[in-house]
Amino acid sequence: MITMIGGFFWLGGELLLPGVAVLCSDWKVLQGAISGALLLLSGYWCCHLLFPESPRWLLATRQLNRCKAELCLFSRANGIDTGEDFAEIDSLWRGFPRPRYYSFCSLVGTRLIWRNALILGFTTFIGSGIRPCFARNLMALGGSTPYFLQAGSEVLACISLCITVNHWGRRAVLLLFTILTGFCSLLLLALTQYLFTAVSIAISVLGSLSSHAVVMLSVFYASEVLPTVIRGSGLGIILGLSMLGRASFPMIVLQQRSGFFLHHVVFSSFCILSVLSLLLLPETKRKALPDTLRQGEGLRRPPLLLQATQDAVPLLSHGKPRADYNPDSYAQLASSTKKMIRSNSTHGQDNKALTND
C-alpha cells in the first residue's frame, strides 16, 4: 500500500512540474527550486520523531531494545498505555541476542531470493528503458501535449493496478502488462511506416501506460517478495535500475539519435525475455510478508498448469443419506447413534422371532 501511495505522489510531482516550470522562467531557477525541495527531506533524517525506524525491521534484525523503544513511541503518540509489557517480544528471543545486520550481498547464499530480485530488477530496467520508444512517436504532436499524454497514461496505469492486482494476483497482472508492452513495441518497430499517425499515437499511449504499470508493479512486487531484513537495500537497487533505464534516452539524444533503432530492437528483445522469466516468480497475493531469509526462501512459484488434488470419483459409493443422521452436528451424533442401535436391535429381535416360528 505504501508503495502505491508513493507512486501516486510521484505522479503528482510530474503533473505539478509544468506549473513550476512556468513560474520559474529559467531552467537554473527550476533546478534550484527542485533541489531546495529535496533538501527539506533531510529533516526526516535529522529528526527521529518525524521519521522513526520500522519496528518490524528492528525485530527481524534482533534489535529488541530499539524495537521496544519505537513501540513505546508509537503507543504514546496514539494515546495507548502499554505499560512497557513486551513479554511476547521477549519470548521470541531468549537471553540477549546480538543484532544481526544484512546487506544486499547477503543474497549470494540464497537460492530463490536473489533470482526473484534479479528478475524484478531486470523487468524494472526494461520497463523504464523502453518508454522512450513510445515517447518518440508522441513528439509529432508538438508542444506540451506529449508530456501530458504520458502523465495521463501513468495515472491510468496506477488506477488499473489498484483495480486488477487484488483480484488477479501480482504475477498474472505483471505478465499481462509485460506482454502488452512487448506487443506494442514490436508493432511500432515493424509497422511504423505503414500505420496512420493516429494509430501510431494510440499504440504509443497504450505502450506508455503498460510500461509504467510494469515499472510500478515490479517495485510493488519486490516490496512483497524481498524479506524485511534486506527490503530497503533491495528496493534501492531496483529503483536504481529504473533510473538507469530512464537515463538511456538522454544518452541517445546526446548522440543525435544515431542509435535509436538499435535501442528499440534491444529493449523489445529484452521485453520478450522478461516475459519468460516472470513465470519463475512466486505469487504473494494474500500472503504474509517474509521477515527472514528463510521465510523468503519459502516463497514458491505456483504451478503453471492446474493439477487435481483429489480423485474425482469416490472409492465407495455413498448410499442414500439417512434422515436421522447429520454428520455435521456433533451434538446430535450420540442420539442418532443410539437410535440406529435401537432400530437395528429391534429388527434383529423380529428376525429371531420369525426364525423360531
Side-chain angles (χ1 to χ4, degrees), residues 1-17 34-35 37-42 44-45 51 53-54 56-57 60 101-108 110 113-135 150-151 153-155 157-158 161-162 165 170-171 173-174 177-178 181 208-251 267 270-271 274 277-278 281-282 284 289-290 293 296 299:
M1 180 61 68
I2 301 300
T3 307
M4 300 298 293
I5 294 175
F8 279 108
F9 274 101
W10 176 279
L11 294 178
E14 288 189 348
L15 293 175
L16 292 176
L17 182 60
I34 297 176
S35 302
L38 292 177
L39 289 177
L40 295 177
L41 297 177
S42 60
Y44 287 97
W45 180 72
F51 199 72
E53 189 56 79
S54 170
R56 189 185 187 112
W57 178 78
Y101 301 97
Y102 297 85
S103 63
F104 197 77
C105 298
S106 303
L107 299 181
V108 178
T110 60
I113 301 177
W114 73 269
R115 186 191 68 185
N116 298 334
L118 179 63
I119 292 173
L120 291 174
F122 178 70
T123 306
T124 307
F125 173 75
I126 297 303
S128 298
I130 205 171
R131 295 193 65 195
C133 303
F134 306 118
Q150 283 191 305
S153 64
E154 292 176 0
V155 173
C158 292
L161 287 180
C162 294
V165 164
R170 281 66 166 154
R171 192 178 71 155
V173 176
L174 184 57
F177 281 112
T178 307
T181 302
S208 179
L209 185 151
S210 57
S211 61
H212 182 76
V214 167
V215 174
M216 193 169 184
L217 185 54
S218 297
V219 176
F220 174 70
Y221 205 168
S223 64
E224 294 185 341
V225 171
L226 296 177
T228 303
V229 292
I230 56 169
R231 186 170 295 131
S233 57
L235 286 178
I237 295 294
I238 292 176
L239 290 174
L241 291 174
S242 174
M243 295 298 106
L244 182 63
R246 285 176 174 266
S248 60
F249 185 65
M251 295 173 61
F267 275 88
F270 283 170
C271 191
S274 177
S277 63
L278 289 177
L281 291 177
T284 58
L289 295 178
L293 295 180
L299 294 176

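Hydrogens, waters and symmetry mates play no part in the numbers below; they use all other heavy atoms, side chains included.
Scanning both residues, Leu235 and Ala222, for their nearest heavy atoms gives CD2-CB, 3.9 Å. Closest heavy-atom contact between Ser106 and Leu293: O-CD1, 4.4 Å. For the pair Gly121 and Ile238, the tightest heavy-atom approach, listed with the atom from each and the gap, is CA-CG1, 4.1 Å. Across every non-hydrogen atom of Ala151 and Leu15, the tightest pair is CB-CD2, 3.5 Å. Residue Gly296 comes nearest to Pro227 through the heavy atom pair CA-CG, 4.1 Å, listed as atom of the first residue, atom of the second, then distance.
To the nearest 0.5 Å, atom OG of residue Ser211 and atom CZ of residue Phe177 are 10.5 Å apart. Atom CG of Leu226 and atom CG of Leu299 lie 10.0 Å apart (nearest 0.5 Å). If you take CG on Leu174 and CG on Leu120, they are separated by 7.0 Å, rounding to the nearest 0.5 Å. Between the CH2 atom in Trp114 and the CD1 atom in Ile119 there is a gap of 8.5 Å [rounded to 0.5 Å]. Rounded to the nearest 0.5 angstrom, Leu281 CG and Arg115 CZ are separated by 7.5 Å. Annotation: the span from Arg171 atom CZ to Thr178 atom OG1 amounts to 12.0 Å, rounded to 0.5 Å.
Partners of Phe267 according to the ring pair (Phe, Tyr, Trp, His ring centres under 6.0 Å) rule, which considers only residues two or more places apart in sequence or in another chain, are Phe125, His263.
Side-chain contact check for Trp57 and Glu53: no donor-acceptor pair (N or O, by modelled atom type) lies under 3.5 Å. Checking Thr123 against Ser274 by side-chain atom types alone, a donor-acceptor pair falls below 3.5 Å.
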The test is side chain to side chain contact (heavy atoms under 4.5 Å, CB included); show your working for Arg56 and Leu289 and say whether it passes.
CA-CA 11 Å; Arg56 189 185 187 112; Leu289 295 178; 3.5 Å; yes
Would Val219 and Ser242 count as a side chain to side chain contact (heavy atoms under 4.5 Å, CB included) if you check the C-alpha gap in whole Å, the side-chain angles of each, and the deciding distance to 0.1 Å?
CA-CA 9 Å; Val219 176; Ser242 174; 5.8 Å; no
For Leu241 and Phe122, run side chain to side chain contact (heavy atoms under 4.5 Å, CB included): C-alpha distance rounded to whole Å, both residues' side-chain angles, the deciding distance at 0.1 Å, then the answer.
CA-CA 8 Å; Leu241 291 174; Phe122 178 70; over 6 Å; no
Evaluate side chain to side chain contact (heavy atoms under 4.5 Å, CB included) for Ile230 paired with Ser103, printing each intermediate quantity in order.
CA-CA 6 Å; Ile230 56 169; Ser103 63; over 6 Å; no
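In this structure, the side chains of Pro282 and Asn116 come closer than 4.5 Å at one or more pairs of heavy atoms. Side-chain contact check for Phe220 versus Met216: every heavy-atom pair is 4.5 Å or farther apart.
With salt bridges taken as basic N to acidic carboxylate O contacts below 4.0 Å, one links Arg131 and Glu154.
A side-chain contact (heavy atoms from CB on, under 4.5 Å) with Thr181 is found for one member of Ile126, Val215, Leu209, Val214 and no other, namely Val214.
Put simply, the side chain of Arg231 gets close to the backbone of Pro290: a donor and an acceptor are under 3.5 Å apart.
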